[in-house]
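Side chains are part of it too, since the values below use all heavy atoms of this structure and drop only hydrogens, waters and symmetry mates. Read the numbers this way: they start at 1 and go in the same order the structure lists the ligands and their atoms.
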Amino acid sequence: MTPAAFSVIRGGRLLDSADLDGATGDILIEADTIREIGPAGLRAPEGAIVIDATDQLLMPGLVNAHTHGDVSMAKGMGDRLSLELLLNASPLTSEGLRLEDKYLAAKLAATEMVLSGCTACYDLFSEFPMPSPEGLAAVGQGYADVGMRAVVAPLMADRNFWQAIPGLLDALPPALRSEVDRAAAEPAETAISACRQALKDWAIDRDQVRLALAPTIPHHCEPSFFRACRELADEFGAALHTHVAESKVQAVVGLRKFGKTLTAHLDELGVIGPDFTAAHAVWVDEDDIRRLADRGASVAHNPTSNLRLGAGVAPVKAMLDAGLNVGVGTDASTCGDALNMFEAMRLSNYLSRIHTPDPGDWIDAKGALSMATQGSARALGFGSLIGALQPGYKADIVFLDLRRIQYVPFNHAARQVVYQETGSGVSHVMIGGNFVVRDGRIQTIDYGKLRDEVARANERMRAQAVGSERLVRQLEGIVGQFCVALAQEPYHVHRYVGMPPIQ
Ligand SMILES: [Zn+2]
């Protein structure tokens with residue numbers, strides 16, 4: 001769909017994380033880009049399409065800095081799971097996908113996100129046992145067909161979860177151990193060459209969907225594998241994204257294995273730079289924060305997921321104070337649940353309040369809005385394209401219905417959006433000048449057909465997963481106990497700055 005040459009949105013209230021505070025104004029759009037923003041009555045070229053935004057609040061599309069589209073069909077599949085138990089359950093949630101399921105999973109995730117006002121995401125998509133050029137192309141096509149922007153980063157590792165935690169294999173009975181070893185990760189070279197091919201063959205407009213690389217978790221990857229990812233990223237100008245110190249188990253394992261924090265380890269490998277995103281970064285110390293800030297890296301803060309998995313609370317205010325860029329993500333449907341960026345944005349604000357009793361050090365509404373738009377956009381490498389309502393930026397605009405109860409009465413745009421909006425007020429979503437959502441309905445795909453296709457694929461995959469279910473349940477108790485013991489180890493070596501104040 002090609003957007004009309006010019007369109008002008010008239011009569012809406014305008015909000016972004018910079019100067020726009022909810023006053024009425026007009027937006028002139030040429031093709032996919034915002035050309036001018038001005039007071040009511042802004043001049044527009046003859047023939048421009050006029051879009052009436054009376055009773056609408058216009059804001060930049062929210063940007064999801066961290067999610068995993070491969071598990072979008074695994075909603076509601078786990079309850080009291082820590083990160084480690086969730087990883088233990090991965091054979092159930094992300095291993096049965098055929099090529100057409102990967103396309104469908106990405107399309108489902110994209111649809112869920114745009115319906116709640118998110119216009120771009122960083123999707124760390126996992127293909128089992130390893131990434132493939134055709135799989136990545138299918139995932140990219142899923143996003144392109146919905147009309148959403150995305151950075152698709154294949155998750156990769158050269159050892160699996162059970163092999164990555166020192167001592168865990170020895171804790172397993174021999175029969176289980178050999179089953180787990182059979183599920184060994186593929187050699188690093190195979191994954192790297194698949195990604196190289198995908199980067200070479202990429203056919204989708206890179207301003208819409210582009211590729212990055214996601215070596216999954218530092219201790220799941222040999223140092224040589226991390227370096228190979230860095231080299232490949234540099235060769236193609238692609239970004240890097242990895243999970244860093246998400247849980248205390250990871251932090252303890254990192255110290256044991258590398259004799260230093262995971263961030264220090266990655267820094268020593270030379271992989272941290274301005275195109276590097278550290279997901280979660282819950283268990284980091286002041287030196288880690290400084291390292292990431294000094295290298296110009298970004299953090300993808302996932303407050304919903306960190307709470308759901310009991311991982312902890314990332315010290316986001318300390319990161320911002322150090323000049324570190326922070327974006328907000330939902331994480332996956334298995335842990336961030338609703339892929340709802342309004343919810344993640346609100347929690348990113350609320351959680352800043354448990355670190356200190358001094359309200360002057362809490363994140364305010366505009367601060368949270370800034371992280372969930374500009375901060376995330378920068379993490380995606382889309383920093384100069386999206387995340388703001390400004391001339392020269394893409395016309396990725398969310399229309400919120402001011403007749404909804406959360407805006408009655410209308411007092412303060414940023415606060416009512418950050419503290420009260422759930423996504424239920426999203427009326428239209430424009431991406432690159434096209435309406436992807438109108439009156440709360442997805443325009444670019446057939447929603448009924450998507451539902452039917454997802455139901456069929458899900459049924460087939462659930463039936464296939466019976467064998468894995470048995471293995472996962474057998475491992476669960478042992479993995480759970482082992483990891484609880486690790487998480488109970490004292491963590492005095494480095495000062496964890498995310499700890500809530502204890503009186
Ligand atoms: Zn993740």
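The shortest non-hydrogen separation linking Ala212 to Ala239 is CB-O, 3.3 Å.
With rounding to the nearest 0.5 angstrom, the CE atom of Met345 is 12.5 Å from the CD1 atom of Ile363. Rounding to the nearest 0.5 Å places CD of Glu421 at 5.0 Å from CG of Leu400.
Ring orientation note: the planes of Tyr419 and Tyr350 are close to parallel, at an angle under 30° on the 30°/60° scale. The aromatic rings of His243 and His66 lie perpendicular to each other, with more than 60° between the two planes, well past the 30° mark.
Within the protein, the N, O or S atoms lying under 2.8 Å from the Zn ion (ligand 1) are His66 NE2, His68 NE2, His243 NE2.
Arg378 pairs by the salt bridge (Lys or Arg N to Asp or Glu O under 4.0 Å) definition with nothing, not counting sequence neighbours.
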